[in-house]
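Below: one structure, written as C-alpha cells.
Note that the structure is a prediction, hence the values are computed from the model and not measured.
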There are 2 protein chains.
Amino acid sequence: MVPSEDSILTNLRRGALEYCVLASLREGEAYGFDIARRLVADGVLMGGEGTLYPLLARLRKAGLVSTSWQESDAGPPRRYYAITDDGARALDTFRRAWTSFRDAVDLTLEGPR
Amino acid sequence: MVPSEDSILTNLRRGALEYCVLASLREGEAYGFDIARRLVADGVLMGGEGTLYPLLARLRKAGLVSTSWQESDAGPPRRYYAITDDGARALDTFRRAWTSFRDAVDLTLEGPR
DNA sequence: CTGGGTACCATGCGTCGCATGGTAGCAGGA
DNA sequence: TCCTGCTACCATGCGACGCATGGTACCCAG
C-alpha cells in the first residue's frame with residue numbers, strides 16, 4: 001500500500017531530470033554513456049541508460065543541445081552533446097520554476113507549525 | 001521550442017502534489033473543494049480541480065486517507081478527508097525521498113563551480 | 001574466434017496531471 | 001415561479017515522460 005522510496009523518486013524525476021542533464025553540460029560537451037555513468041552513480045537522479053537516450057533525443061529535437069560525432073580510441077564512435085543558447089535559456093527558465101516549486105513543497109512539508 | 005514555465009511546473013508536480021495534499025491534512029480533516037482553493041491559490045502546486053479529485057480517489061484506494069460525509073449549512077454535502085497511519089508513514093517516506101532528490105537537483109543546478 | 005566491455009538506439013507500457021464536461025443542492029432576485 | 005450562479009463532487013480521455021527490455025555494432029584480450 002505504502003509506495004517505496006524508489007517509485008517516489010521515479011515520479012519526482014519527471015521534468016527535472018531533463019534539465020539536470022542540461023545543467024551538467026555547462027561544464028563542456030559530453031557523450032551519452034559518460035553522462036549516464038555520472039548520473040546513475042548517485043542513484044537519485046537517474047535509474048538507467050534506458051532513460052537517457054530518449055531524453056537526449058528530445059533535447060536535440062527541441063534544439064536545446066547540438067551534437068557531433070567523434071571517433072574514440074577504444075570502442076565505437078561517440079556522439080557528443082553540447083548545450084545551445086536556447087538550451088541555456090531553457091535552463092534559466094527551469095531554474096526559476098524549480099526554486100519556486102521547491103520552496104512551495106518545503107513550506108507545505110514543514111507545515112505552518 | 002523553449003518550454004514555458006507553466007509546462008515545466010506541470011511536470012514537476014508529478015509525484016509531489018499527492019504528498020503535499022497529504023501534508024496539508026496533518027492540520028486536520030478537510031474537504032475537496034477547500035483543499036483545491038488553498039492549493040490553487042498559490043499557483044505553483046496545483047492547476048485546477050480536475051487534478052484533485054482523481055488524486056484524492058487514489059489516496060483513498062491506497063488507504064492513505066479515510067473519508068466521511070458531512071452535511072453542509074450551505075450547499076451539497078461534503079466529503080471530508082483525514083490522513084491515516086499509513087498516510088503518515090507514506091509522508092515520512094516521501095520526505096526522505098524529497099530531501100535527497102531536492103539536494104541532488106540543487107547541487108546539479110548550482111554546478112561544482 | 002569468442003567473450004565482455006563500450007556505446008548507441010528503438011519500442012511499448014504504466015502512471016499521473018490536466019482539460020473538459022457533467023450532476024446536484026441551495027440561495028437570491030426579477 | 002423561474003433562472004442564474006455558487007458550491008461541491010465526479011468521470012473520461014489525452015499526452016508526456018521515466019523505465020524495462022532488447023537489439024546492434026565496435027574493439028580488445030585471452
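The CG-P distance, from B/Asp34 to D/dA8, rounds to 8 Å in whole Å. In this entry the distance linking CZ of A/Arg79 with P of C/dC8 reads 8 Å, nearest Å. A straight line from CD1 of A/Ile8 to C1' of C/dC16 spans 15 Å, rounded to a whole angstrom. Going from atom OH of B/Tyr53 over to atom P of C/dG21 covers 19 Å, rounded to whole Å. Note: CD (B/Gln70) to P (D/dC9) measures 11 Å, nearest angstrom. Between the C1' atom of C/dC9 and the CG atom of A/Leu59 lies a distance of 16 Å, rounded to the nearest Å. The nearest whole Å value for the distance from the CD1 atom in A/Ile35 to the P atom in C/dT6 is 16 Å. Following rounding to the nearest Å, B/Glu71 (CD) and D/dT7 (P) show an atom-to-atom distance of 18 Å.
The main-chain N or O of A/Arg79 is never found under 3.5 Å from a side-chain atom of A/Thr67 such that the two would form a donor-acceptor pair. A donor-acceptor contact shorter than 3.5 Å links the side chain of B/Thr84 to the backbone of B/Leu64.
When all heavy atoms are compared, the tightest approach of B/Thr108 to A/Cys20 is CG2-O, 3.5 Å.
Using bins of under 30°, 30° to 60° and over 60° for the plane-to-plane angle, the ring pair A/Tyr19/A/Phe94 lands in the parallel bin.
In this structure, A/Tyr81 reaches the sugar-phosphate backbone alone: every heavy-atom distance under 4.0 Å involves primed, P, OP1 or OP2 atoms, never a base.
Between B/Tyr31 and D/dA8 there is a side-chain polar atom (N or O) within less than 4.0 angstrom of OP1 or OP2. When the side-chain nitrogen and oxygen atoms of B/Arg78 are compared with OP1 and OP2 of C/dG25, none of them lie within a distance under 4.0 Å.
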Using the salt bridge (Lys or Arg N to Asp or Glu O under 4.0 Å) rule, take B/Asp92 and B/Arg89 through it: C-alpha gap first, then chi angles, then the decisive distance, then the call.
CA-CA 5 Å; B/Asp92 284 341; B/Arg89 271 191 290 275; over 6 Å; no
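Separation of atoms CG (B/Asn11) and CG (A/Leu17) is listed at 11.5 Å; rounding is to 0.5 Å.
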Which protein N or O atoms sit under 3.5 Å from an N or O of nucleotides 18-21 of chain D?
residue : atom : partner : partner atom : Å
D/dG18  : OP1  : A/Gly15 : N            : 3.0
D/dG18  : OP2  : A/Arg58 : NH2          : 2.8
D/dC19  : OP1  : A/Arg13 : NE           : 2.5
D/dC19  : OP1  : A/Arg13 : NH2          : 2.8
D/dC19  : OP2  : A/Thr51 : OG1          : 2.9

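The pair A/Arg102-B/Asp106 meets the salt-bridge criterion, since a charged nitrogen lies less than 4.0 angstrom from a carboxylate oxygen.
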